[in-house]
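Take a look at the structure set out below.
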Amino acid sequence: MTILVLVGGVVLLTVAVAALAWPLLRQREEPAVAEATAAQIAVADPLAELSERRDAIYRAIKELEFDYQVGKVSEADYQAFSAQLKAEAAAVLREMDALEAAAADPALDAAIEAQVAALRRQTQTASSPASPQAAPLPSSAQARFCTRCGHQAQPGDRFCGRCGAPLRFP
Ligand SMILES: [Zn+2]
């Protein structure tokens, strides 16, 4: 019985505090979100910044739902704010997905490696003492690529230098 009274009291107190705090929080949070968007440009770790923004939006949604449940926010206001917050959360999640995809795209990594390897070969060819006319590439040997991984093959190679697949060319 005592516990029930105690719990009831705590719940009433929480509702009262939330009801008083909601307009204050709302006034403080709206400029804060705008500031976060501007500050994001200068932030070194945009993914951490985005995850903070996402968490802030989730907290705001929870507060809004609570206020709606206790009757502090009208149905129309709840629907409007809720839709706005969920759209913001979706935008942040899309930005996070784009960042994560760019950071961990294996196709992109492979493309960069291939570019670096091609540049390295160009540098080696340029710095070699042989004159360009001494070793012209036969036209049939130009632009040969591994059919499995796309790695560019060297003239005379019978196996891919990267993945080891046998090279078959017409
Ligand atoms: Zn290969």
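Numbers here simply count residues along the sequence, with the first being 1. Just so you know, ligand 1 is whichever comes first in the structure, and atom 1 is the first atom listed for that ligand. Quick caveat: nothing in here was measured; it's all calculated off a predicted structure.
- Considering only heavy atoms from C-beta on, R53 comes within 4.5 Å of L50 through its side chain.
- With contacts defined as side-chain heavy-atom distances shorter than 4.5 Å, the pair Q84/F81 qualifies.
- Residues satisfying the side chain to side chain contact (heavy atoms under 4.5 Å, CB included) test with K86, not counting sequence neighbours, are I61, E65, S82.
- If you look at the Zn ion (ligand 1), the protein N, O or S atoms less than 2.8 Å from it are C146 SG, C149 SG, C160 SG, C163 SG.
- What you find for Y78 and V73 is that their closest heavy atoms are N-CG1, 3.5 Å.
- Contacts of E100 classified as side chain to side chain contact (heavy atoms under 4.5 Å, CB included), with partners at least two apart in sequence or in another chain: L47, D97.
- In terms of the side chain to side chain contact (heavy atoms under 4.5 Å, CB included) criterion, Q115 has no residue partners (sequence neighbours excluded).
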